[in-house]
Engineer: 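The structure follows.
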Amino acid sequence: MNSFIFRRQRFSCLSNALLMVIYVLSITTKRCFMPTSNTVCSSVRTRFAPSPTGFMHVGNLRTALYEYLLAKSMGGSFILRIEDTDRERLVEGATDIIYQTLKCAGLIHDEGPDIGGPFGPYVQSERMHLYRPFAEQLVREGKAYYCFCTKERLEGLRQSSGTPESAGYDRHCRELSSEDVADKLAMNVPHVIRQKAPLEGFTTFFDHVYGEITVPNKELEDQILIKADGFPTYNFANIVDDHLMGITHVVRGSEYLSSTPKYNLLYQAFGWDIPEYVHLPLIQGKNSDGTVSKLSKRHGATGFEDLVDNGYLPEAIINYIALLGWCPKDETREIFSIEELIQAFSIEGISKSPATFDYDKLDWFNAEYIRGMDAQSFYNHATPYYKQLGVSDELSAILLEVLQPRITKFIDIPGKISYVKNLPEYELELFEHKKSKSTIETSKAMLEKLSSLLSDISDWNKDTLLSRLSAMAESEGVKNALVMWPLRIAITGTLVTPGGAVEALLLLGRDESLKRIVLALSRLSDIK
RNA sequence: GGCCCGUUGGUCAAGAGGUUAAGACAUCGCCCUUUCACGGCGAAAACAGGAGUUCGAUUCUCCUACGGGUCACCA
């Protein structure tokens, strides 16, 4: 497959001598056939071309990821280009969110607005002067035309068609006489430039994921290339820039599948080489009624920032979405660092069918990443919550032991150990536990003994506490659980706690533990 | 509605004509155990339906059903 991709690459835009040398070199040595990141082959170029409209949807992020992985797995370059041709949807600061997200996710671009590169500028609004001449060239060659139809006329067309949802442009201006056009232009009548799509025949293109796709040309609309405000549409700017920037592999969501033939017509009109296409399956969300639809806000957090705010680690998010629509060959491993993803990635692993975003699985990935952390990074992530709860740094070792296997997100921490700060109000029924055979009576008896036992222990550490408590159980002729249960309930006031009684004793310290035991005893004495 | 794409357990998915149809998440059970986790072991759970090609289809072809995408002076 790699060789196949390679064979289809062209270098018309990379006429740079150095690149040609590398190209020839790589052909003769066949090094490009090895998809390793350090292969000397700078031919593959992918781009992430987001529109700065606010936040980074996980679908967009996954597209960026695959673009990055595809490029890096073949020793190529990953380019960031900002597509800000929609002046109405522009959101201030959105570009910064894009930079931050890519950085945070570990997708480092080789060229982009912030770092420059040989094919800049990388912001479409700064490339404005480029597009119109290309469009006018097409007009001169009879492959595009000026259209003076107003938005109102188009809207009327839509309404009167009976099927407002599916009404296309009626090609009203397609055959305007050149005098007419010249007059209108001279009078500064607002206009757009439209592509002249063929009326019959078929257009076929090849996609690396979906295979060969053929569409009847009569389905293709005379799409707008240059808008009335002078800005190019995405449809146009995208092919001009991809060509000018030497993009070899166009990776995007499958929602672009149906407009791809129109892009190919444009490439052909200019005589440019058509890039390789890699269309990605959609990411869907599960609705409350059990159906699925394109992932959106009502399914929960879908922006990268939102997920991070909800406690998901960037590495876990990346790892999870990498596997949403792609799967490595010949192995069942699921935990991948970004470097490992680069090693394992290949286009053949991309699936065609849409995937449903599953927060349960994301939780598992997040928990796996937490369990895999060393003490220091765990501490770094956990320390804001420790501070919030007012627990001392000295306890971080025991907290690590107790928390690491039990949290799926760091934001779970306060909920798990809030008892350390404040003893919750609890019902005395908590002392009753069938499996441990604990009852109100046994609890009272055990706590009385524990109260004096614990005040005698000066070595307040895990080994001592555990052995003294076990010894007590033994001398009482009961199971450990009968001692541990009331102790844990008394000092935590919580049915389920991370770690056992001993860990709770360590977290609370001797004085606080004894205080809570005394309190429990007095409450138990009040019962009858 | 036209066009395009898709359909393997609840979810992600492997499988590429002959398999006891992998693995993971979730679910359930057992073990471990100081509650809960972690860990270990195990269970349940799938080729949308119908034709055709073939000695043999989950796998190839067609039809149907269902799902999705698209049909903007959005990207």
Side-chain angles (χ1 to χ4, degrees), chain A residues 49-51 53 60 83-86 88-89 147 149-151 154 158 162-163 165-169 190-194 207 210-211 213-216 218-221 223-229 231 233-235 237-238 252-261 279 281-282 284 286 290-294 320 323-334 351-365 367 371 402-407 416 430 433 435-436 466 469-470 473 479-485 487-489 492 494-504:
Chain A
S51 178
T53 53
N60 288 130
E83 308 225 337
D84 58 347
T85 56
D86 184 351
E88 286 170 23
R89 292 206 307 165
C147 170
C149 292
T150 61
K151 282 185 183 176
L154 263 21
R158 210 166 287 133
T163 50
E165 286 308 302
S166 58
Y169 177 56
H191 62 273
V192 302
I193 296 179
R194 283 184 186 270
D207 177 83
Y210 291 90
I213 295 174
T214 301
V215 177
K218 65 175 195 298
E219 298 296 327
L220 307 179
E221 230 189 315
Q223 65 177 349
I224 291 173
L225 270 19
I226 302 288
K227 297 185 261 190
D229 66 2
F231 275 84
T233 57
Y234 159 85
N235 299 318
N238 157 281
R252 50 155 83 118
S254 62
E255 65 266 31
Y256 290 96
L257 229 31
S258 49
S259 35
T260 298
H279 285 93
L282 234 65
Q284 301 179 317
K286 184 173 259 165
T291 59
V292 290
S293 55
K294 195 169 172 176
Y320 175 57
L323 262 22
L324 259 191
W326 170 83
C327 153
K329 292 293 166 195
D330 306 321
E331 64 173 321
T332 56
R333 177 165 59 130
E334 299 202 276
S351 59
K352 295 180 173 67
S353 42
T356 306
F357 195 89
D358 181 9
Y359 289 92
D360 281 338
K361 186 92 189 227
L362 213 210
D363 279 345
W364 177 78
F365 272 103
R371 283 175 222 132
V402 152
L403 258 14
Q404 191 170 32
R406 273 173 264 252
I407 54 172
K416 296 269 187 216
L430 291 194
H433 182 61
K435 207 178 146 208
S436 308
L466 185 57
L469 289 169
S470 305
K479 291 250 170 89
N480 276 355
L482 197 67
V483 176
M484 299 297 191
W485 183 270
L487 174 56
R488 212 188 92 251
I489 297 300
T492 66
T494 309
L495 188 60
V496 173
T497 56
V502 173
E503 287 77 12

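The chains referred to below are lettered A, B, ... by the order of the sequence lines, with proteins before strands, and numbering in each begins at 1.
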Engineer: Kindly point out which of rA13(B), rU34(B), rU70(B) is positioned nearest to the side chain of Cys327(A)?
Structural biologist: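 Of the candidates, rA13(B) comes closest.
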Engineer: To the side chain of Tyr234(A), which of rA75(B), rC38(B), rC25(B) is closest?
Structural biologist: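 Looking only at side-chain atoms, Tyr234(A) lies closest to rA75(B).
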Engineer: Counting only side-chain nitrogens and oxygens, does Lys329(A) get under 4.0 Å of the OP1 or OP2 atom of rG15(B)?
Structural biologist: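 Answer yes for this pair, as a side-chain N or O of Lys329(A) is under 4.0 Å from OP1 or OP2.
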Engineer: Atom CG of Asp84(A) to atom C1' of rC74(B): distance rounded to whole Å?
Structural biologist: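 Asp84(A) atom CG is separated from rC74(B) atom C1' by 13 Å.
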Engineer: Between rG6(B), rG23(B), rU34(B), spot the one nearest the side chain of Thr332(A), thanks.
Structural biologist: rG23(B)
Engineer: Rounded to whole angstrom units, what separation is found between the CG atom of Asp363(A) and the P atom of rC12(B)?
Structural biologist: 16 Å
Engineer: Could you tell me which non-hydrogen atom of Tyr210(A) sits nearest to which non-hydrogen atom of Lys352(A), and how far apart they are?
Structural biologist: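 Residues Tyr210(A) and Lys352(A), closest heavy atoms: OH-O, 2.9 Å.
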Engineer: Report the nucleotide, chosen from rU35(B), rA75(B), rU34(B), that has the shortest atom-to-atom distance to any side-chain atom of Met484(A).
Structural biologist: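 Output: rU34(B).
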Engineer: Taking CZ from Arg333(A) and P from rA24(B), how many angstroms apart are they, rounded to a whole number?
Structural biologist: 15 Å
Engineer: Judged by atom type as modelled, is there a donor-acceptor pair below 3.5 Å linking the side chain of Glu83(A) to the main-chain atoms of Asn238(A)?
Structural biologist: no
Engineer: Rounding to an integer number of angstrom, what distance separates rG52(B) and rA46(B) when you compare their P atoms?
Structural biologist: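 Going atom to atom, P in each nucleotide, I get 26 Å.
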Engineer: If I pick the P atom on rG18(B) and the same atom on rC71(B), what distance separates them, to the nearest angstrom?
Structural biologist: 41 Å
Engineer: Can you see if the side chain of Ser351(A) gets near the phosphate of rC12(B) - specifically, an N or O under 4.0 Å from OP1 or OP2?
Structural biologist: no
Engineer: Enter the distance from His279(A):NE2 to Arg252(A):CZ here, rounded to the nearest 0.5 Å.
Structural biologist: 4.0 Å
Engineer: Would you indicate which nucleotide in rA24(B), rG10(B), rA75(B) comes nearest to any side-chain atom of Asn235(A)?
Structural biologist: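 Nearest to the side-chain atoms of Asn235(A), counting from C-beta on, is rA75(B).
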Engineer: Looking at the side chain of Arg89(A), which of rG68(B), rA75(B), rG10(B) is the nearest nucleotide?
Structural biologist: rA75(B)
Engineer: Suppose you measure atom C1' in rU64(B) against the same atom in rA44(B); what distance do you get, rounded to whole Å?
Structural biologist: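 Result for the C1' pair: 32 Å, nearest Å.
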Engineer: Of the nucleotides rC73(B), rC4(B), rG10(B), which one has an atom closest to the side chain of Pro216(A)?
Structural biologist: rC4(B)
Engineer: By side-chain contact (heavy atoms from CB on, under 4.5 Å), which residues pair with Ala473(A), not counting sequence neighbours?
Structural biologist: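 Ala473(A): side-chain contact (heavy atoms from CB on, under 4.5 Å) contacts with Val478(A), Asn480(A), Val483(A).
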Engineer: By nearest heavy atom, map Arg371(A) and Trp326(A) onto RNA chain B; which one lands nearer the 5' end?
Structural biologist: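 Between the two, 5'-proximity favours Trp326(A).
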Engineer: Return the 5'-most residue of the pair Leu324(A), Thr214(A) with respect to RNA chain B, ranking by each residue's nearest nucleotide.
Structural biologist: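 The 5'-side residue here is Thr214(A).
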Engineer: Report the nucleotide, chosen from rA75(B), rC4(B), rC12(B), that has the shortest atom-to-atom distance to any side-chain atom of Thr356(A).
Structural biologist: rC12(B)
Engineer: Would you say Trp485(A)'s side chain and Ala501(A)'s backbone share a donor-acceptor pair under 3.5 angstrom?
Structural biologist: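 Answer holds: no.
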Engineer: rA26(B) P sits how many Å from Glu334(A) CD, rounded?
Structural biologist: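 Distance check: Glu334(A) CD to rA26(B) P gives 11 Å.
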Engineer: Classify the side chain of Arg488(A) versus the base of rU35(B) as yes if they form a donor-acceptor pair under 3.5 Å and no if they do not.
Structural biologist: yes
Engineer: How many Å lie between OH on Tyr169(A) and P on rU70(B), as a whole number?
Structural biologist: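 It works out to 24 Å between those atoms.
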Engineer: Decide yes or no for Leu495(A) and His433(A): does some side-chain heavy atom of the first lie under 4.5 Å from some side-chain heavy atom of the second?
Structural biologist: no
Engineer: Would you indicate which nucleotide in rA75(B), rG6(B), rU34(B) comes nearest to any side-chain atom of Pro354(A)?
Structural biologist: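 Of rA75(B), rG6(B), rU34(B), rG6(B) is nearest to the side chain of Pro354(A).
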Engineer: Show the nearest heavy-atom pair for residues Ala228(A) and Val192(A), with the distance to one decimal.
Structural biologist: N-CG1, 3.6 Å
Engineer: With rounding to the closest Å, how many angstrom separate the C1' atoms on rC73(B) and rA65(B)?
Structural biologist: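 Taking atom C1' in both rC73(B) and rA65(B), they lie 39 Å apart.
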Engineer: What interatomic distance, in whole Å, is found between P of rA48(B) and the corresponding atom of rU11(B)?
Structural biologist: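 Roughly 12 Å separates the two P atoms.
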Engineer: Would you say Lys227(A) places a side-chain N or O within less than 4.0 Å of OP1 or OP2 belonging to rC74(B)?
Structural biologist: yes
Engineer: Could you tell me whether a side-chain N or O of Ser51(A) sits under 3.5 Å from a main-chain N or O of Thr53(A), the two making a donor and an acceptor?
Structural biologist: no
Engineer: Rounded to whole Å, how long is the line connecting atom CG of Leu282(A) with atom C1' of rG67(B)?
Structural biologist: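 To the nearest whole Å, that distance equals 12 Å.
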Engineer: Using the P atoms only, state how far rA13(B) lies from rG6(B), rounded to an integer number of Å.
Structural biologist: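 Per the computed distance, 15 Å lies between those P atoms.
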Engineer: Nearest to the side chain of Arg406(A) - rA14(B), rU35(B), rC73(B)?
Structural biologist: rU35(B)
Engineer: What's the NZ-P distance between Lys352(A) and rC4(B), to the nearest Å?
Structural biologist: 16 Å
Engineer: Just call it for Val502(A): base, sugar-phosphate, or nothing, with non-hydrogen atoms closer than 4.0 Å on any strand.
Structural biologist: base
Engineer: Can you find a heavy atom in the side chain of Leu403(A) that is under 4.5 Å from one in the side chain of Lys416(A)?
Structural biologist: yes
Engineer: Look at Thr85(A) and rA75(B) and indicate whether a side-chain polar atom (N or O) is within less than 4.0 Å of OP1 or OP2.
Structural biologist: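 For Thr85(A), the contact criterion (side-chain N or O under 4.0 Å from OP1 or OP2 of rA75(B)) is met.
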Engineer: What is the separation between atom CZ on Phe231(A) and atom P on rC74(B), rounded to the nearest whole Å?
Structural biologist: 11 Å
Engineer: Rounded to whole angstrom, note down the P distance from rG69(B) over to rC28(B).
Structural biologist: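 33 Å, rounded to whole Å.
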Engineer: Using the C1' atom as the point on both nucleotides, what is the distance between rA45(B) and rU8(B), in whole Å?
Structural biologist: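 Rounded to whole Å, the distance is 12 Å.
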Engineer: Say whether, by atom type as modelled, one donor and one acceptor occur between the side chain of Tyr320(A) and the main chain of Asp358(A) under 3.5 angstrom.
Structural biologist: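 Such a contact is found between Tyr320(A) side chain and Asp358(A) backbone.
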Engineer: Whenever both distances are under 3.5 Å in a Watson-Crick or G-U wobble pair, mark it; put RNA chain B into dot-bracket that way, with [ ] for crossing pairs and | when the partner is on another strand.
Structural biologist: (((((((..(((.....[....))).(((((.......)))))....(((((..]....))))))))))))....
